[in-house]
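Accompanying notes for the structure given below.
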Amino acid sequence: MNIVYFVLVLIALVLVHEAGHMVVAKLCGMRVERFSVFFGRPIWSFTRGETEYAVGWVPLGGYVKITGMTREEQIPPEVEPRAYYAASLWKKIATIAAGPLVNIALAFLVFSGIYWYGVPSGPVTTSVGLVQTETPAATIGLLPGDRILAVDDVVANGDPLRVQDALRAHPNQVVTLRYDRAGRTFERDVKLTSQEIDGKTVGRLGFAFTRETEQFGLLAGLGKGGEFTWQVLRLNVEAVGQLAVSEEAREQINTVVGIGAVFDEVADDGVQVMQLIGLISLALGIFNLLPLLPLDGGHILFAVIEKVKRRHISLAVYNRFAMVGMAVLLIIFFIAIQNDIDLIRGGVGLVGR
C-alpha cells in the first residue's frame with residue numbers, strides 16, 4: 001500500500017509543478033490550451049474557459065500546453081498576441097521557471113513544517129519511537145512509547161546500543177524481549193528477521209528508538225527550514241555539476257523506483273516521510289532547471305539566446321539541441337536504473353533493530 005501513497009505523492013508534486021507554469025502563464029496573459037496530468041491522448045477531460053483539463057493514458061509526469069511554445073506551430077492570427085513566442089523575455093522566464101520554483105518553495109515549507117513539529121535534538125533513548133508494519137515488532141504488539149528493558153539476558157540499563165547489539169547478534173533466531181509500558185512489564189518471545197548491513201547479516205526486530213525533540217516557533221522554523229533548504233539545494237547543485245567527473249556523484253542518482261523503495265521503508269515515520277517528500281520536491285525543481293531540452297532550464301536558455309540574437313531559433317537547430325538533451329537524460333536515466341538495482345539488492349531500510 002505504501003507504493004500507492006508514493007505514486008500519489010509524485011502525482012501531487014507534478015500537479016504542483018505544472019500548476020505553477022499554468023498560473024503564471026495566465027497571469028502573464030498567455031493562452032493556456034491544456035493542463036494535463038500524465039501524457040498521451042486524454043482518457044478524461046473537461047474544459048473551463050479556454051483551457052482543457054485532462055488526464056492522459058500514459059502515467060508519467062504531466063504538461064501544460066501554452067499556445068506558441070511548440071516550434072513552427074500554426075496559430076490563428078487573433079491569438080498571436082497571446083502566444084508564448086510573442087511574450088517578453090521576463091514573462092517567458094517567469095512562466096517556465098514557475099514550475100521548478102514552486103517545487104523548491106514547497107520543499108521549503110515542508111522542511112519548515114518539520115521544525116515546527118519538532119526535530120530530534122537529544123540523545124537516543126531506549127523508548128520506542130516507531131514500529132514498522134509487518135515486522136516482528138508489530139507482531140508482538142510493541143508500541144511507540146514502550147521502553148526496552150532487556151533482550152534475553154542483556155539488560156539495557158538505558159543504553160540503546162546494548163539493545164541494538166543484542167538484536168543484531170541473533171538474525172533469524174528467537175529472542176526474549178522484555179519491555180515496560182506505563183509501569184507494567186511485558187515479556188515476549190519473538191523470532192527476528194535478518195538484514196544485510198555492511199556485508200554482515202544482522203538480526204532485525206523492526207522498530208526505531210526515539211530521541212528527545214525540539215520544537216521551533218513560526219519565525220525560527222522558517223529560518224531553520226530556509227537554512228536546510230539552502231544546504232540541500234547547494235549540495236544537489238554541486239552534485240549535478242560533478243556528474244560527469246565524479247563516480248560518487250553518479251552513485252547518488254536514483255529513479256522513482258529507488259526513491260519508492262526508500263519511501264516504503266520510512267512510510268511509518270511521519271517526519272521521515274515529510275522530509276523525503278521535501279527532498280523529492282526539491283530534486284524535481286533542481287533537475288528541471290538543468291539547461292537541457294526538453295527540461296524547463298533548456299526552454300529558459302533558448303529564450304535568452306533568442307533575445308540576444310533578436311530572432312527565433314529554427315526548428316532544425318531546436319530539434320538538434322533537443323536530441324542532445326534527450327541523449328544526456330537517457331544516460332542519466334540508465335545510471336539511475338543501475339543504482340536502483342544495487343540499492344534494492346543491497347537492501348534499504350532503517351538500522352536493523
Side-chain angles (χ1 to χ4, degrees), residues 13-36 39 49-53 61-109 226 229-230 233-234 236-238 240-241 243 281-329 332:
L13 292 177
V14 169
L15 280 172
V16 167
H17 179 97
E18 299 301 336
H21 289 311
M22 181 183 70
V23 170
V24 175
K26 286 178 176 287
L27 289 175
C28 290
M30 298 179 192
R31 181 172 181 260
V32 179
E33 299 180 25
R34 177 180 291 170
F35 176 91
S36 179
F39 293 99
E50 62 185 6
T51 304
E52 178 189 22
Y53 298 86
Y63 68 94
V64 173
K65 187 178 189 308
I66 302 172
T67 298
M69 196 166 179
T70 304
R71 300 282 147 168
E72 299 187 3
E73 181 179 345
Q74 298 298 317
I75 301 173
E78 64 271 16
V79 300
E80 280 190 7
R82 300 180 57 210
Y84 171 82
Y85 64 71
S88 61
L89 177 62
W90 77 264
K91 288 184 178 180
K92 291 179 180 177
I93 293 178
T95 297
I96 301 304
L101 293 181
V102 167
N103 282 126
I104 294 172
L106 176 62
F108 162 67
L109 290 176
T229 302
W230 171 249
L233 188 65
R234 179 177 57 81
N236 274 270
V237 170
E238 290 177 357
V240 169
L243 285 179
S281 185
L282 195 59
L284 185 62
I286 296 170
F287 184 74
N288 270 281
L289 286 174
L290 292 177
L292 298 170
L293 290 173
L295 300 179
D296 295 330
H299 289 291
I300 292 174
L301 176 62
F302 264 69
V304 172
I305 292 175
E306 289 181 334
K307 179 66 175 179
V308 172
K309 295 175 70 68
R310 296 185 177 182
R311 61 183 176 83
H312 293 302
I313 296 175
S314 69
L315 179 62
V317 173
Y318 179 89
N319 286 339
R320 282 198 291 270
F321 273 89
M323 289 178 64
V324 171
M326 288 300 298
V328 173
L329 293 177
I332 294 175

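Start at 1 with the first residue, then count along the sequence. Only a predicted model underlies this, so the values are computations on that prediction, with no experimental measurement involved.
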> Looking at Gly285 and Pro100, what are the two nearest heavy atoms and their distance?
Replying inline: O-CB, 3.4 Å
>> Can you tell me if Arg311 has over 12 outside heavy atoms packed within less than 6.0 Å of its CZ?
In response: no
> Quick check: does any side chain N or O of Arg82 sit under 3.5 Å from a backbone N or O of Gly29, one acting as donor and the other as acceptor?
Replying inline: yes
>> Can you give me the closest heavy-atom contact between Leu89 and Ala303, atom names plus distance?
In response: CD1-O, 3.5 Å
> Mind checking whether Tyr63 and Phe39 have parallel, tilted or perpendicular rings, split at 30° and 60°?
Replying inline: parallel
> Are any of the side-chain heavy atoms of Lys92 and Glu306 separated by less than 4.5 Å?
Replying inline: yes
>> Testing the basics here: between Pro81 and Ala86, what is the closest heavy-atom pair and its distance to 0.1 Å?
In response: O-CB, 4.1 Å
> Can you tell me how far CZ of Phe287 sits from CG of Leu329, rounded to the nearest 0.5 angstrom?
Replying inline: 5.0 Å
>> Consider side chain to side chain contact (heavy atoms under 4.5 Å, CB included). Of Val32, Ile96, Thr67, which one does Tyr84 pass it with?
In response: Ile96
> Thr51 pairs by side chain to side chain contact (heavy atoms under 4.5 Å, CB included) with which of Arg34, Lys26, Glu33?
Replying inline: Lys26
> CG/Leu293 to CE/Met326 distance, rounded to the nearest 0.5 angstrom?
Replying inline: 10.5 Å
> Just by modelled atom types, is the Asn103 backbone N or O under 3.5 Å from a matching donor or acceptor in the Ser281 side chain?
Replying inline: yes
> To the nearest 0.5 Å, how far apart are CZ in Phe302 and NZ in Lys309?
Replying inline: 10.5 Å
> Quick one: CD1 on Ile313 to CZ on Arg320, what's the gap to the nearest 0.5 Å?
Replying inline: 11.0 Å
>> So Ile75 and Arg31, do their side chains get closer than 4.5 Å, heavy atoms only?
In response: no
>> As a quick check of understanding, evaluate side chain to side chain contact (heavy atoms under 4.5 Å, CB included) for His299 and Met69, giving each step before the final call.
In response: CA-CA 9 Å; His299 289 291; Met69 196 166 179; 3.9 Å; yes
>> Val24: which residues meet the side-chain contact (heavy atoms from CB on, under 4.5 Å) condition with it, sequence neighbours left out?
In response: Cys28, Ala94, Thr95, Ala98
> When rounded to the nearest 0.5 angstrom, what is the spacing between CG in Leu13 and CG in Leu282?
Replying inline: 11.0 Å
> Going through the distances and angles, do Phe321 and Leu301 end up as a side chain to side chain contact (heavy atoms under 4.5 Å, CB included)?
Replying inline: CA-CA 11 Å; Phe321 273 89; Leu301 176 62; 5.9 Å; no
>> How long is the straight-line distance from CG of Leu109 back to CD1 of Ile104, given to the nearest 0.5 Å?
In response: 12.5 Å
> Parallel, tilted or perpendicular for Tyr53 and Phe35, by the 30°/60° rule?
Replying inline: tilted
